[in-house]
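So the structure is just underneath, and the comments pick up after that.
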Amino acid sequence: MSENIFEDAISRLDKACKESDIYPEAIEQLKHPKQVLEVSVPVRMDDGSLKVFKGFRIRHMDFRGPTKGGIRFHPNVNREEVLALAFWMSFKCAVVGIPYGGAKGGVCVDPKSLSRLELERLSRSYVERIADFIGPDLDIPAPDVYTNAMVMGWMMDEYSMIRRKRTPSVITGKPIPLGGSLGRDDATGRGAYYCIKEMEKENAWNPKEITVSVQGFGNAGQHVARLLFADGYKIVGISDSQGGIFLEEGFDVPSIIQMKEESKQVKAVYCKGSVCETIDAKHISNQELLELDVDILIPSALENQITAENAPKIRAKTIVEVANGPVNSEADSILLEHGIEIIPDILANAGGVVVSYYEWLQNRSGQYWQEEQVHQKLRETMSDSFQKVLTMQKRKHLDMRTAAYVCALDAIGESIAAGGTMEYFTNMI
Ligand code: GLU
């Protein structure tokens, strides 16, 4: 395995392209990003000093439409990570059939150390630096780790001021009064929930007998836990960046969400509370949470959580990847050998970008949808995509990740081939 997260991400292509109809010359293009932008992001701090942060926006490929993907504010943001995240976005959009290519952005910063005003200045300064690289028909950002609706609102406002034109469709995941979509907030968790409902049907599960652990209690993790709990699933393990908790009989998820909510310090913007500080249960580490003996493990935090080191210790029967890239390629092989099924990130966490697409459609048409309509369309898209991948998996005897990549490659390949292939130009067909 390569130490480089992007190299590791593209290594999955080699396995999948053997099973796909895509032209080999197209694969070569997918191994390189279309455009990489590195920027400096100057911010005047509250104490009067000036700090300069490093930022990126990377467009992986745009064969299927404008590029799409979130913006992350995190101290570990670096070029390779953003590249891998942009690459995954391309495949995510293709597997669920929305007309976008992949992109991602990020700023290397610890947002929890900033005041609200500093955070707003950072968001606006970053947009000022990438403004020529993004646009409603070019590249459309969205929230990701440690960015939220309010940050998207500031960014949309800054872009609109630069263009001197109100442009809500330049960014998705905005607050509802600023052109956001109903149902966008919980869309990532809800999309994963719809995938699990498809598995429930396939395996004739009784939710009351199914135990679940969730690593990461941010936007995606909280919502998937809430929806599963409401259906009777037993959520026995929960963790956030500060640590985890375990309760054999299962947690009352709404009260944990409420407690996490109450312990927030910068309420409207960032949650600083930690679940392990607020609940009386057995305290466990993030590592211990990953190794719990449960039916479903839902990593919903960051990439590279399950590697060759801890993969042999994983006892979950199914892993649903709500985070991007939580399992690296070496761990993949070990988990598969142990018979652990993985619902891959590019399918399991696609709900967020699907509803981003609906938001973009609403912004462009000026017509806004009811929440029920968003849920229904998301359910249809997620269920259809899940079944398409499952059919591919069964037909070609693949694992779910490879099957999802094959479906995505076929879709991307069709777009590339529509512009002509080597066979076409050399008159062989
Ligand atoms: N950041 C989310 C993701 O990784 C959402 C991207 C979007 O909505 O464009 O899928």
Side-chain angles (χ1 to χ4, degrees), residues 111-112 116 119 143-153 173-177 180-194 196-197 207-208 210-286 288-290 292 294 296-302 320 322-323 349 351-352 355 371-372 374-375 378:
K112 292 181 185 175
R116 290 180 181 182
L119 187 66
D144 197 72
V145 172
Y146 292 147
T147 54
N148 61 12
M150 190 177 259
V151 171
M152 297 304 110
K174 299 178 292 294
I176 309 290
S181 174
L182 292 169
R184 175 63 184 83
D185 188 43
D186 73 357
T188 307
R190 186 173 284 275
Y193 163 74
Y194 291 146
I196 296 171
K197 295 306 274 182
K208 292 191 174 53
I210 304 291
T211 54
V212 182
S213 58
V214 183
Q215 188 214 22
F217 214 53
N219 179 285
Q222 276 186 30
H223 288 299
V224 71
R226 174 179 61 82
L227 292 164
L228 289 174
F229 172 81
D231 280 3
Y233 283 82
K234 240 162 84 173
I235 318 296
V236 297
I238 295 177
S239 71
D240 69 7
S241 59
Q242 311 298 306
I245 44 175
F246 172 76
L247 195 63
E248 201 170 342
E249 54 270 33
F251 289 108
D252 177 60
V253 175
S255 40
I256 302 214
I257 293 178
Q258 202 189 331
M259 284 185 193
K260 175 132 185 164
E261 200 59 27
E262 280 163 12
S263 64
K264 251 184 205 176
Q265 290 183 4
V266 198
K267 216 171 178 183
V269 181
Y270 283 113
C271 179
K272 280 195 176 173
S274 146
V275 284
C276 66
E277 282 164 13
T278 55
I279 288 279
D280 188 22
K282 188 182 170 206
H283 288 195
I284 54 174
S285 67
N286 257 296
E288 286 167 331
L289 181 122
L290 293 174
L292 288 176
V294 287
I296 307 177
L297 166 63
I298 308 184
S300 320
L302 293 169
V320 180
V322 168
N349 73 26
V355 178
E371 190 164 31
E372 211 24 63
V374 172
H375 289 174
L378 176 63

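Computed from a prediction, not measured in an experiment: that's the story for all the values here.
Here the CZ atom belonging to R184 is positioned 9.0 Å from the CE atom belonging to M152, to the nearest 0.5 angstrom. The CG atom of L247 sits 9.5 Å away from atom CD1 of I238, with the distance rounded to the nearest 0.5 Å. Considering NE2 of H223 and OG1 of T188, their distance stands at 9.0 Å, rounded to 0.5 Å. Rounding to the nearest 0.5 angstrom, the gap separating the CG atom in L290 from the OG atom in S285 is 8.0 Å. F246 contributes atom CZ, which lies 13.0 Å from atom OG of S239 (distance to the nearest 0.5 angstrom).
Nearest approach of L378 to G191, heavy atoms of both residues: CD2-N, 4.2 Å. In plain terms, the two heavy atoms of A187 and G183 that are nearest each other are CB-O, 3.4 Å. Taking both residues in full, the closest heavy atoms of A323 and N349 are given as O-ND2, 3.2 Å, listed atom of the first, atom of the second, then distance. Between I296 and Y233 the shortest heavy-atom distance is CD1-CE2, 4.3 Å. Residues Q215 and N286 come closest through the heavy atom pair CG-OD1, 3.2 Å. Considering every non-hydrogen atom in both R226 and D186, the closest pair reads NH2-OD2, 3.1 Å.
A side-chain donor-acceptor contact under 3.5 Å links N148 to the backbone of M150.
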_Before you tell me yes or no, could you show the steps for L292 and L297 under side-chain contact (heavy atoms from CB on, under 4.5 Å), namely the whole-Å CA-CA distance, both residues' side-chain angles and the distance that decides it to 0.1 Å?_
CA-CA 8 Å; L292 288 176; L297 166 63; over 6 Å; no
*side-chain contact (heavy atoms from CB on, under 4.5 Å) between H283 and I245, intermediate numbers included*: CA-CA 5 Å; H283 288 195; I245 44 175; 4.0 Å; yes
*Just do the side-chain contact (heavy atoms from CB on, under 4.5 Å) check on I257 and F217 with the steps written out, would you?*
CA-CA 9 Å; I257 293 178; F217 214 53; 3.8 Å; yes
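The side-chain heavy atoms of I196 and D231, taken from C-beta on, include no pair separated by under 4.5 Å. Considering only heavy atoms from C-beta on, D185 comes within 4.5 Å of N219 through its side chain. Under the 4.5 Å side-chain criterion, counting only non-hydrogen atoms from C-beta, F229 is in contact with D252.
The side-chain contact (heavy atoms from CB on, under 4.5 Å) test with L228 singles out one residue from I210, V214, I298, and that residue is I298.
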